[in-house]
Amino acid sequence: MEGAPTRVMVAVNESTIKGYPHASISSRGAFDWTLEKIVRSNTSGFKLLFLHVQVPDEDGFDDMDSIYASPEDFKNMKNRDKIRGLHLLEYFVDKCHEIGIECEAWIKKGDPKEVICHEVKRTQPDFLVVGSRGLGPFQRVFVGTVSEFCVKHAECPVITIKRKACETPQDPVDD
């Protein structure tokens with residue numbers, strides 16, 4: 001008797017490395033680890049739920065090098081952010097379809113740690129997978145960590161996947 005597939009939420013984000021418009025190192029690592037260690041060859045036994053949280057910029061100016069001269073400039077900025085989020089999710093959905101694993105993907109706005117926990121409560125996945133940059137205690141004080149918050153507050157089991165040391169950028173805060 002075959003039951004419903006195991007639902008795995010994977011929180012994904014864009015890379016913070018300038019000029020690198022792709023999934024973050026941690027997100028790709030968490031996704032790859034999930035496929036390799038959890039899903040393996042049982043693609044019909046799992047459904048992946050991809051959540052990307054876009055963080056609204058507090059002052060509304062994402063890129064200080066830009067010049068805003070008309071209302072249209074601000075609309076263009078908002079459309080660019082939406083397109084980048086869709087491009088990010090497309091990467092993960094395409095990979096799932098290549099290997100034949102069922103998936104869903106969506107974008108929310110807000111504080112990532114709060115939104116992820118809210119979406120876990122709303123969608124009730126069997127577990128949550130989040131990437132972790134593996135920051136030291138000093139860096140965590142200034143940057144904070146979404147993964148630690150989710151471990152403490154998400155209403156499901158949480159697996160955090162540290163990025164590989166060989167993938168750490170020059171500034172470990174970047175991802």
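All residue numbers in this chain count up from 1 along the given sequence. Both backbone and side-chain heavy atoms feed into the values below; hydrogens, waters and symmetry mates do not.
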- Message: Can you list everything that forms a side chain to side chain contact (heavy atoms under 4.5 Å, CB included) with T43? Sequence neighbours excluded, please.
- Response: V39, I101
- Query: After noting the C-alpha distance and the side-chain angles of V12 and L51, does the key distance pass the side-chain contact (heavy atoms from CB on, under 4.5 Å) rule?
  - Reply: CA-CA 6 Å; V12 297; L51 170 62; over 6 Å; no
- Item | Residues in side chain to side chain contact (heavy atoms under 4.5 Å, CB included) contact with I107, at least two apart in sequence or another chain | H52, Q54, L86, L89
- Who are the salt bridge (charged side-chain N to carboxylate O under 4.0 Å, His left out) partners of E90, not counting sequence neighbours? none
- Message: Using side-chain heavy atoms (C-beta onward) and a distance below 4.5 Å, is V115 in contact with C117?
- Response: no
- Query: Of all residues at least two apart in sequence or in a different chain, which pass the salt bridge (charged side-chain N to carboxylate O under 4.0 Å, His left out) check with D111?
  - Reply: K113
- Item | Considering all heavy atoms, the nearest T160-S147 contact | CG2-CB, 3.7 Å
- Query: Does anything in residues 92-125 pair up under ring pair (Phe, Tyr, Trp, His ring centres under 6.0 Å), and if so which pairs, sequence neighbours excluded?
  - Reply: F31-F92, F50-F92
- Query: ring pair (Phe, Tyr, Trp, His ring centres under 6.0 Å) with F149: which residues, sequence neighbours excluded?
  - Reply: H153
- Side chain proximity check, P112 to V55, heavy atoms < 4.5 angstrom: yes
- What pairs with E114 under salt bridge (charged side-chain N to carboxylate O under 4.0 Å, His left out), at least two apart in sequence or on another chain? none
- Only counting residues at least two apart or in another chain, list the ones meeting side chain to side chain contact (heavy atoms under 4.5 Å, CB included) with D32. none
- Atom OG of S27 and atom CD1 of I161: how far apart are they, to the nearest 0.5 Å? 12.0 Å
- Item | Pairs meeting criterion salt bridge (Lys or Arg N to Asp or Glu O under 4.0 Å) with involvement of residues 35-56, two or more places apart | K47-E102, K47-E104
Side-chain polar contacts of residues 122-131 - donor-acceptor pairs under 3.5 angstrom, sequence neighbours left out - could you list them?
from	atom 1	to	atom 2	distance (Å)
R122	NE	E119	OE1	3.1
R122	NE	E119	OE2	3.2
R122	NH2	E119	OE1	2.7
T123	OG1	E119	O	2.7
D126	OD2	R7	N	2.6

